[in-house]
Amino acid sequence: MAQVGSSSGHPNPASRRSFIKMLGAAGAVVPALTALPRGSFAQDLSAAFANASIDWKQFAGQTITLAGAIHPWSNAITPLLPGFTSLTGITVDADFQLETTYMGALPIRLARGSTTPDVFMFTTYGQGI
């Protein structure tokens, strides 16, 4: 994840902690989005959360990597990613692989201290620790 510099127009550079808090807020919001009509999803998304007291664009221009297995969850979340990008300005690179490939590669990535993926699907509670 690239750091936001002072040239971004924000008085304080973004910290990893504030970025994770924003992701947590988005993580709480995104599942609720499935209840919205699918017509013009980006406009519906922006309109639904425009009044929230969150600076949705504070990390605009950054890119995060989302990794996971090809699964009903990944199939359900993929259509929501353009709406997330529209709302936040954060580009999401989705890296969904066959389950056997993903389950073999993720522990290796985590053990070697890789900086990607930024967000990942897990199947056991201790997997990301």
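Basis for what follows: all heavy atoms, side chains included, without hydrogens, waters or symmetry-related copies.
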Looking at T78 and S74, would you say the former's side chain and the latter's main chain have a donor-acceptor pair under 3.5 Å? yes
For residues T115 and D118, report the shortest heavy-atom separation together with the two atoms involved.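 In terms of heavy atoms, the two residues are closest at O-OD1, 3.5 Å.
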Check your understanding: Which atoms form the tightest heavy-atom contact between T65 and P117, and what is the distance?
Key ->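 In terms of heavy atoms, the two residues are closest at O-CB, 3.7 Å.
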Worksheet item: Does any non-hydrogen side-chain atom of D55 lie less than 4.5 Å from one of K57?
Response: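 Heavy-atom side-chain distance check passes, below 4.5 Å.
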Exercise for the section: May I ask you to test the I108-S114 pair for a side-chain heavy-atom distance under 4.5 Å? Expected result: no
| message | side-chain contact (heavy atoms from CB on, under 4.5 Å), that's the test. Do F96 and L66 meet it? Break it down for me. | response | CA-CA 8 Å; F96 297 123; L66 168 63; 3.8 Å; yes
To the closest 0.5 Å, what do you measure between [atom1] ([X]) and [atom2] ([Y])?
X    : Y    : atom1 : atom2 : value
Q97  : M103 : CD    : CE    : 11.5 Å
R109 : D95  : CZ    : CG    : 5.0 Å
T88  : I54  : OG1   : CD1   : 11.5 Å

Quick one: do L110 and F120 satisfy side-chain contact (heavy atoms from CB on, under 4.5 Å)? Show the steps, please.
CA-CA 11 Å; L110 296 175; F120 61 91; 4.1 Å; yes
* Would you mind telling me which of T85, I90, T91 makes a side chain to side chain contact (heavy atoms under 4.5 Å, CB included) with T63? =>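 Testing T63 for a side chain to side chain contact (heavy atoms under 4.5 Å, CB included) against T85, I90, T91 leaves exactly one candidate, T91.
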